[in-house]
Amino acid sequence: MTNNKTVLAWLEEMKTLLTPDEIVWVDGSDEQREELRRVAVEQGELHKLNQDILPGCYLHRTNPNDVARVEDRTFICTSTREMAGPTNNWCDPQEMYKKLYDIARGSYKGRTMYIIPYSMGPIGSPLAKIGVEITDSVYVVLNMLIMTRVSPEVWTVLGDSNDWVRGLHSRCDVDPEKRYICHFPEDNTIISVNSGYGGNVLLGKKCFALRIASFQGWKEGWMAEHMLILGLQNPKGEVHYIAAAFPSACGKTNLAMLIPPAYLREKGYKVWTVGDDIAWMRIGEDGRLYAINPENGFFGVAPGTNEHSNFNALESTKKDTIFTNVALCQNDNTVWWEGLNKNLPENALDWKGNPWDPAKFNKADKSTCAAHPNSRFTAPAENCPCISDEFNKGAGVPISAIVFGGRRAKCAPLVYQSRDWENGVFIGSAMASETTAAAAGAVGVVRRDPMAMLPFCGYHMGDYFRHWLEMGKKLGDKAPKIFNVNWFRTDDEGNFLWPGFGDNMRVLNWIIDRCEGKATATETAIGYVPQPEDIDLTDLDMDLETLKGILTIDKDVWAQEAAEIEEHYKKFGDHLPAELRAQLDTLKKNLG
Ligand code: OXD
Ligand code: MN
């Protein structure tokens, strides 16, 4: 398969450590995928769904103790604690290697070691990177075949280079007490033990494409971000690209696959999806910022996905998709989740495989749900009806606007533009979202999540802010414009004031018009805010007064916000760039 000495040496070391019974080199072929599916069904790892309705689709159930990413067991193991910074768990690399090797030793006994060569990004693209994951889980292999590009060509592109990321996954006993997701950014290595759940074990995704890649980007002068990428096509046929960072559960996948309201659709507006979760961005030869989506599929949250909330995501799941922890409708051997439709299924099994009683279902009580709230679909990007033509091209797309956002009931206006790049970095660094009833814990608690990277930045977040500022200096006047959006402003009863979903297109149009110098705005204490007339409300049941309301900036709320940002900044100590402190001072001064 490969003569790469660095790969062969590492595999030898891993074989000795893990002692597998068998070794399978994964090649990405259709024949091998079929065989792996068969093995997975035989082992009870996958359940084959109705192939007439859902061809190539399977259901998987994880251990009930293993249903989400585990941030408290995720470590960045850099040579010093300071390098990992105050927002990451840290452990000395030598100590952690020893602990993990002790856990993993002999753990492939009686199992197969799968070797997966994969490319993050189109194979051979100058923006792509290569990884090799070994795993004892056929479920992981089948997911990686969807989420990344797996092919012998990866070995060809790698040649004898040592520039690849090592990924060791072992399911061990799925023991939550011994579960660790560890990153060694200085060694390009990831080790994950005792989990079988997506975000912990599909090592190309959060582990490589964000935590390791953010570190690589810092050292090599590029950016790995928790961002969707979309192309907005106007009636002239021109496409402008936007990259947007929102914390988890703020609708990145929905925005990435947006369908414009009928009025704008008829005029010729359209959105193309390049990515829904991760963007890798580099400065191109013309000095602009170019982005690729390093992934090859969508690992989306199932509950709430339906033909109205996200038609394109739902379409993407209709073939060759793996569903994890959703409900099984035994009558027709298909799947269901809360929010798919209003027909609560009879004769269904819940996500744990137990009979589900629709009569006991109570939306407010998650324990009565048929699907786990974090149940997922792993769907090939090529299934998406609005996938961009650029998706498979290695050159990347030029980014006109970067958009930050979160859930804020009263604070941020519907949309505003930063004064410049530095001010935009300030906005990103202070990004926050309020918790909803959908998550465990108190409702309405503000959580700071800079650039939506809090759980994903592989080094000191103060240095990450510095890196953003440096990128801005290199980009100069070619830098994308930076905006902030908030689809979640509410009235005093907690009702959302903005319709969201497809109507967000009205805001995206203003953003692109601003980039093109075509739209007006008013300068405020926090940046440029549109006049209500600047947002096209045609065919929308909303009066100008309501819109005006969600574009206002309440100085008392913002004074409180500035005080909270000050507190948030204390964490970063002397790694906080002076420019950001100055931005905060300016904000306070502007607020009077
Ligand atoms: C995800 C996340 O799963 O951000 O994409 O949590
Ligand atoms: Mn994400």
Side-chain angles (χ1 to χ4, degrees), residues 60 62 66-74 87-88 120 140 143-144 146-148 181 183 190 192 195-214 223-230 243-257 273-281 291-305 310 313 316-317 321-326 337 371-379 381 384 403-407 428 431-433 435-436 438-441 447-458:
H60 173 77
T62 66
D66 187 30
V67 293
R69 287 187 291 104
V70 280
E71 287 171 18
D72 58 326
R73 308 199 66 94
T74 298
T87 57
N88 284 310
M120 296 310 289
V140 167
N143 272 272
M144 287 293 283
I146 298 172
M147 293 306 294
T148 72
I181 319 300
H183 308 72
I190 306 159
S192 161
S195 175
Y197 170 78
N200 300 327
V201 297
L202 308 179
L203 301 185
K205 194 175 176 63
K206 304 298 189 181
C207 299
F208 179 173
L210 289 175
R211 298 193 191 98
I212 296 283
S214 62
M223 306 168 91
E225 300 297 332
H226 192 198
M227 290 179 176
L228 69 91
I229 309 164
L230 65 82
F246 307 147
S248 307
C250 288
K252 279 213 310 291
T253 304
N254 288 348
L255 188 68
M257 300 180 188
T273 308
V274 182
D276 78 326
D277 196 39
I278 299 176
W280 282 2
M281 304 191 284
I292 59 162
N293 168 12
E295 301 192 278
N296 200 29
F298 309 119
F299 184 63
V301 176
T305 304
N310 195 335
S316 307
T317 67
T321 292
I322 299 172
F323 297 94
T324 301
N325 292 341
V326 301
W337 50 78
H372 187 277
N374 190 36
S375 54
R376 300 280 177 147
F377 52 79
T378 317
C384 181
V403 178
F404 296 124
R407 284 176 187 268
M431 228 170 95
S433 204
T435 50
T436 66
R447 227 184 249 149
R448 298 278 149 199
D449 186 355
M451 283 85 170
M453 283 289 278
L454 187 65
F456 305 120
C457 183

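Not measured: the values here are computed from a predicted model. Both ligands and their constituent atoms are indexed starting at 1 by order of listing. We count residues from 1, following the sequence as given.
Judged by the 6.0 Å and 45° rule, K206 forms a cation-pi pair with F456.
Of all protein heavy atoms, the one lying nearest to atom 5 (O) of ligand 1 is K206 NZ, 3.0 Å. Protein heavy atom closest to atom 2 (C) of ligand 1, with residue, atom name and distance, is S248 OG, 3.2 Å.
Looking at heavy atoms from C-beta onward, C207 lies out of side-chain contact with T74 at the 4.5 angstrom threshold. A heavy-atom distance below 4.5 Å is not found between the side chains of V70 and Y197.
In terms of heavy-atom proximity, H226 sits nearest to S248 at CE1-OG, 4.1 Å.
With no hydrogens or angles considered, no side-chain donor-acceptor pair links T305 and N310 at under 3.5 Å. Side-chain contact annotation: T253 with D276, donor-acceptor N/O pair under 3.5 Å present. With no hydrogens or angles considered, no side-chain donor-acceptor pair links S192 and N200 at under 3.5 Å.
The angle D277:OD1 - the Mn ion (ligand 2) - H226:NE2 amounts to 90°, with values rounded to 10 degrees.
Residue R69 places a heavy atom under 4.0 Å from ligand 1.
At least one N/O/S atom of K206, whether from backbone or side chain, sits less than 2.8 Å from the Mn ion (ligand 2).
The D277 neighbourhood of ligand 1 comprises atoms 5 (O), with distances under 4.0 Å to a heavy atom of that residue. Ligand-side atoms of ligand 1 in range of H226: 4 (O), range being under 4.0 angstrom from any heavy atom.
Polar contact with ligand 1: absent for K205 (N/O pair, distance under 3.5 Å). For R376, a nitrogen or oxygen atom sits less than 3.5 Å from a nitrogen or oxygen atom of ligand 1, counting backbone and side chain alike.
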